[in-house]
Amino acid sequence: MGTIAWYYYNSGNQTHAVGGKAANALGLFDMSGNVWEWVNDWYAGYSSGAQTNPLGPVSGSYRVFRGGSWSVNASTVRSSYRVNGTPAGSTYYFGFRVARAP
């Protein structure tokens with residue numbers, strides 16, 4: 001974990017510049033740790049069955065944040081781990097990823 005992600009035990013309690021760690025197994029940088037990634041999905045509980053890339057509800061009160069941050073332990077620094085927050089909220093360990101379709 002320490003080679004690909006910034007988290008509580010190696011971050012020095014601060015956000016780091018992009019690209020400071022090695023790429024993950026897919027060749028992608030900074031997908032885990034450093035800052036929570038604010039995604040477009042509204043937050044809701046998952047059903048108990050197996051799912052692949054489930055969509056959130058079309059509206060709600062809370063958005064999804066994924067991937068962990070420098071402020072959490074290693075067990076929460078993964079893309080499948082999620083928390084929720086209000087769209088109006090902000091903090092220094094939340095961020096977002098700019099992406100485009102090819």
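Source: prediction; values computed, not measured.
Evaluation of the side chain to side chain contact (heavy atoms under 4.5 Å, CB included) rule for Ser69 yields Trp36, Ser71, Val72, Tyr93 as partners, not counting sequence neighbours.
Between the side chain of Asn10 and the main chain of Ala5, a donor-acceptor pair closer than 3.5 Å is present. Between the side chain of Thr91 and the backbone N or O of Phe94 there is no donor-acceptor pair closer than 3.5 Å. Panel note: side chain Asp30, backbone Val18; no donor-acceptor pair is recorded below 3.5 Å. The backbone N or O of Trp6 sits nowhere less than 3.5 Å from a side-chain atom of His16 that would complete a donor-acceptor pair.
Linking ILVMFWY residues whenever their side-chain heavy atoms come closer than 4.5 Å, directly or via other members, leaves Met31 and Trp38 in distinct clusters. Hydrophobic clustering (side-chain heavy atoms under 4.5 Å, transitive across Ile, Leu, Val, Met, Phe, Trp, Tyr) keeps Ile4 apart from Val77. Under the 4.5 Å side-chain heavy-atom criterion for Ile, Leu, Val, Met, Phe, Trp and Tyr, Tyr81 and Val35 are members of distinct hydrophobic clusters.
Inter-residue side-chain proximity for Glu37 and Val39 is flagged as met; some heavy-atom pair is nearer than 4.5 Å. You'll find the side chain of Trp70 reaches within 4.5 Å of the side chain of Tyr92, heavy atoms only. Two residues are said to be in side-chain contact when any heavy atoms from C-beta on lie closer than 4.5 Å; Asn13 and Tyr8 meet this criterion. Side chains of Phe29 and Lys21 form no contact here, defined as non-hydrogen atoms less than 4.5 Å apart. With contacts defined as side-chain heavy-atom distances shorter than 4.5 Å, the pair Phe65/Arg82 does not qualify.
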- Task: May I have the step-by-step check of side chain to side chain contact (heavy atoms under 4.5 Å, CB included) for Thr15 and Asn34, ending in yes or no?
- Result: CA-CA 6 Å; Thr15 302; Asn34 208 19; 3.8 Å; yes
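Sorted by first then second residue, the side chain to side chain donor-acceptor pair (under 3.5 Å) pairs that include residues 54-65, not counting sequence neighbours, number zero.
Taking each heavy atom of Gln51 and Tyr46 in turn, the nearest pair found is NE2-CB, 3.8 Å. Across all their heavy atoms, Tyr9 and Asn73 have their closest contact at CE1-CB, 4.4 Å.
Atoms OG1 and CG, on Thr3 and Asn24 in that order, are 10.0 Å from each other to the nearest 0.5 Å.
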